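Within every chain, numbering begins at 1; the chains are lettered A, B, ... in the order of the sequence lines, protein sequences first and strands thereafter. Note that the structure is predicted; figures quoted are calculated from it, not measured.
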2 protein chains.
Amino acid sequence: MFELDIRSRKPIYEQLVERLKELIITEVLKIDEQLPSVRTLAQQLTINPNTIQKAYRELEIQGYIYSIKGKGSFVSSANDSQNTEKLHKVKNDLIKLLSEAMYLGVTAEELITIIEEIQASIGGGIEHDQN
Amino acid sequence: MFELDIRSRKPIYEQLVERLKELIITEVLKIDEQLPSVRTLAQQLTINPNTIQKAYRELEIQGYIYSIKGKGSFVSSANDSQNTEKLHKVKNDLIKLLSEAMYLGVTAEELITIIEEIQASIGGGIEHDQN
DNA sequence: GTAGTGTACTACGACTCATAGTACAGTTGA
DNA sequence: TCAACTGTACTATGAGTCGTAGTACACTAC
C-alpha cells in the first residue's frame with residue numbers, strides 16, 4: 001500500500017501525505033472509509049506514530065480526511081469549502097508544470113489525451129455519482 | 001526579476017531554480033542568453049554566492065543552462081538528451097496534479113482551456129521556430 | 001596583470017525531520 | 001467499570017539540510 005523512500009530528500013510524512021492523497025483521489029479509499037490507525041500504520045511501516053500523526057494532520061488541514069478522537073480517521077467528501085484556496089494553488093502549479101511539459105516537447109494533443117485518460121479512470125466515476 | 005520568500009519552507013536555492021526555470025520556459029530568457037553571474041546575483045539578492053551556485057548547478061544538471069568557467073552561465077537549448085528522463089518525471093507529476101485538479105472539481109474542458117492558453121502564449125513561438 | 005567569470009571546499013549556526021517516550025482525552029465492547 | 005482501542009500533544013535528542021562566511025583555484029578577456 002505504501003512505499004516509503006527512506007533515502008529520498010522528501011520527508012517521510014510528506015511522502016505519506018502524497019500517497020494517501022493519491023489513494024483518495026483515485027478512489028482506492030472511499031468517502032468515510034476509515035484509514036489505518038496511527039499506531040497500526042506506524043507498526044506496519046516501522047516508523048514513529050508521531051510521523052504518521054503529522055501526515056494525517058496535514059491531510060486533515062487540506063480537507064482530505066477528518067478525525068474523531070477515540071474512533072479514528074476517515075476520508076472526507078470532496079466538496080469542502082477549503083478547496084477554493086487549494087484549487088487556486090493546484091491551478092498555479094498546473095500552469096507551471098504544463099508549461100514545462102510543453103517546453104520539453106509534449107504537445108497539447110498529448111496533454112489532452114492524458115486528461116481524457118484520467119477522466120475515464122476517475123472522472124466518469126465522479127460524474128456517475130452526481131447523477 | 002526575483003522575489004525570494006525568506007519565510008517559505010522552500011529553500012532559497014529551490015525558489016531560484018523554479019523562478020529561473022519559469023523565465024527560460026516562458027522565453028523571457030532566450031537560448032544562449034547569459035545569466036547574471038553568481039556574485040552579481042548574490043549581491044542583488046543579498047544572499048550568499050554559494051546559494052546561487054547551488055541553484056545554477058541544479059539547473060545545469062537538469063539541462064536548462066550550461067556554464068563555462070571564466071565566461072559565465074547561459075541558457076541551454078531545449079532539445080537535450082536528458083529530457084527523456086525529465087519528461088517522464090514531469091508527466092508523472094502532471095498525472096497526479098491533473099487528477100487532483102479534477103478531484104477538486106476542475107472540468108476537463110477547463111483544463112483543456114488552460115493548455116490552449118499556454119500554447120498561445122509560448123507554444124506558438126516554439127512551433128514558429130520549427131518552421 | 002587586472003578584473004571579471006565559475007567551482008569547490010571547510011566550518012558553523014539555525015532549522016527541520018524523525019525518533020523515543022510519555023501522557024491525556026475519547027470511544028467501544030465485554 | 002475496565003481494557004483495548006482510537007486520536008492528540010508535548011519534550012528532548014540526534015541527524016541531516018540549508019545558508020552563511022571565508023577562502024582558494026581554474027578560466028577568460030582585455
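Protein atom OH of Tyr66(A) is 19 Å distant from nucleotide atom P of dG26(C), rounded to whole Å. Residue Glu60(A) contributes atom CD, which lies 10 Å from atom C1' of dT8(D) at whole-angstrom precision. The distance between atom CD1 of Ile47(A) and atom P of dA15(D), rounded to the nearest whole Å, is 20 Å. The separation between Lys69(A) atom NZ and dT28(C) atom C1' is 16 Å, rounded to whole Å. Between Leu59(B) atom CG and dG6(C) atom C1' the separation is 15 Å, expressed in whole Å. Computed from coordinates, the Gln53(B) CD to dG19(D) C1' distance equals 14 Å when rounded to whole Å. The distance from atom CD of Glu58(A) to atom P of dT16(C) is 14 Å, rounded to the nearest whole Å. Between Arg7(A) atom CZ and dT17(D) atom P the separation is 13 Å, expressed in whole Å.
A residue-by-residue look at Gly72(B) and Ile68(A) shows that Gly72(B) has its nearest nucleotide of DNA chain C further toward the 5' end. Residue order along DNA chain D, read from the 5' end via each residue's closest nucleotide, puts Pro49(B) first among Pro49(B) and Arg39(B).
In this structure the side chain of Thr40(A) never reaches within 4.5 angstrom of the side chain of Ile52(A), judged on heavy atoms.
The hydrophobic cluster of Ile31(B) has no other members, since no ILVMFWY side-chain heavy atom comes under 4.5 Å of it.
Between Ser73(A) and the phosphate of dT6(D), there is no side-chain N or O to OP1/OP2 separation shorter than 4.0 Å. For Lys54(A), a side-chain nitrogen or oxygen approaches OP1 or OP2 of dC17(C) to under 4.0 Å. A close approach under 4.0 Å does occur between a side-chain nitrogen or oxygen of Ser37(A) and OP1 or OP2 of dT6(D). Contact annotation: Tyr13(B) does not reach the phosphate of dG19(D) (side-chain N/O to OP1 or OP2, under 4.0 Å). Contact annotation: Lys71(B) reaches the phosphate of dA29(D) (side-chain N/O to OP1 or OP2, under 4.0 Å). Contact check, Thr40(B) against dT5(C): a side-chain N or O comes under 4.0 Å of OP1 or OP2. Look at Thr51(B) and you'll find a side-chain N or O under 4.0 angstrom from OP1 or OP2 of dT20(D).
Side-chain contact, Glu100(B) with Tyr64(A): a donor N or O sits under 3.5 Å from an acceptor N or O.
Residue contacts for Arg9(A): at a heavy-atom cut-off of 4.0 Å it reaches the sugar-phosphate backbone alone, with no base atom in range.
The side chain of Val38(B) lies closest to dT7(C) when the candidates are dG7(D), dA9(D), dT7(C).
A salt bridge is defined here as a Lys NZ or Arg NE, NH1 or NH2 lying under 4.0 Å from an Asp or Glu carboxylate O, and Glu14(A) with Arg9(B) meets this definition.
For dC9(C), the base has a donor-acceptor partner in the side chain of Asn50(B) [N/O atoms by modelled type, under 3.5 angstrom].
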Any chance you could lay out the side chain to side chain donor-acceptor pair (under 3.5 Å) test for Lys21(B) and Gln62(B), step after step, and finish with the verdict? CA-CA 10 Å; Lys21(B) 203 186 280 188; Gln62(B) 293 189 32; 2.9 Å; yes
